[in-house]
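Written below as structure tokens is the structure these notes are about.
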Amino acid sequence: MSDERIIPERIRLEPSWKARIGDYLQRPEMQALSTFLRAEKHAGKRIYPPGPEIFAAFEHTPFDAVRVVILGQDPYHGPGQAHGLCFSVRPGVRVPPSLENIFKEIQRDLGIARPDHGCLTPWADRGALLLNSVLTVEDGRAGAHQGKGWEGFTNAAIDALNREREGLVFLLWGSYAQRKGQLIDTSRHCVLTSVHPSPLSAHRGFIGCGHFSAANHYLEACGHAPIDWSLPPRAVLQAGFTPA
């Protein structure tokens, strides 16, 4: 991969998002982030997700299509896992433990059987913005790119949704995601909080939280269509899935 494919200001942002937060990419802290990522690449470090997928969450869920926002921390740091959507992995990649617990709660809450893969692209295409707070990570080093500038950019995205939209649902799981809650006006939007779905905490409140049905009830009460939380079988998804 050439260096330019991972430099933020050279990556195209989906038009509806670019109109609202594209200018943020030119801020000094984002220029510093660009310099950092370039240096990491030159040092031979592997960065996830691949450059063209860094902004995949925005590409799959345009601004006006967002109905639900799920906030993650940073991308998966194992080879072949991250593809730009929080908690999601490519078809055929082993489902991570946190996502397994998300599927368990969906089955408990809505009666939807666990899928045979962990690719959440259909959710994103249906209006669930699957946004990590930090959009890149170094191979094998969880949290390696925290504090490098991404947080301000994703804050700007949340702030734009908060100000310009009404009746959205924000799912904030774990203390890290919940810190974003201060950006959200709860008189205009629904904020649902829980412990993180990781194995360390899921059974202290995530399993049983009922967030998926609660999100849909709120959307319907606001006159919005609910999210279909089911996923097509892996074979169906892979037939139309073209990795970057």
Legend entry - Residues F153, E29; criterion side chain to side chain contact (heavy atoms under 4.5 Å, CB included); working and verdict: CA-CA 9 Å; F153 177 73; E29 54 265 44; over 6 Å; no
Legend entry - Working for side chain to side chain contact (heavy atoms under 4.5 Å, CB included), residues F103 and L231: CA-CA 10 Å; F103 289 154; L231 292 168; 3.8 Å; yes
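- Between the side chains of K180 and T154, at least one donor N or O sits under 3.5 Å from an acceptor N or O.
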Enumerate donor-acceptor pairs with a distance under 3.5 Å from any side-chain N or O in residues 220-227 to protein atoms, sequence neighbours excluded.
none

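- In terms of the ring pair (Phe, Tyr, Trp, His ring centres under 6.0 Å) criterion, residue partners of F63 (sequence neighbours excluded) are, by chain and number, W17.
- The existence of a salt bridge linking R20 and E14 is excluded, since no basic side-chain nitrogen approaches an acidic carboxylate oxygen closer than 4.0 Å.
- Classification of E100 and R114 as a salt-bridged pair holds, one side-chain N sitting under 4.0 Å from a carboxylate O.
- Both L131 and V66 sit in one connected hydrophobic cluster of ILVMFWY residues. Membership requires side-chain heavy atoms under 4.5 Å apart, directly or through other members.
- With sequence neighbours left out, the salt bridge (charged side-chain N to carboxylate O under 4.0 Å, His left out) criterion links R67 to no other residue.
- Applying the ring pair (Phe, Tyr, Trp, His ring centres under 6.0 Å) rule to H117 yields no partners; only residues at least two apart in sequence or on another chain are considered.
- R141 meets the salt bridge (charged side-chain N to carboxylate O under 4.0 Å, His left out) test with E138; sequence neighbours excluded.
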Inset, instruction - For the pair F170 and H189, evaluate ring-ring contact (aromatic ring centres under 6.0 Å, His included) and give the outcome as yes or no after the intermediate values. - result: CA-CA 8 Å; F170 292 83; H189 306 284; 5.6 Å; yes
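- Using bins of under 30°, 30° to 60° and over 60° for the plane-to-plane angle, the ring pair W229/W123 lands in the perpendicular bin.
- With sequence neighbours excluded, the residues satisfying side chain to side chain contact (heavy atoms under 4.5 Å, CB included) with H196 are F87, S98, S198, S201.
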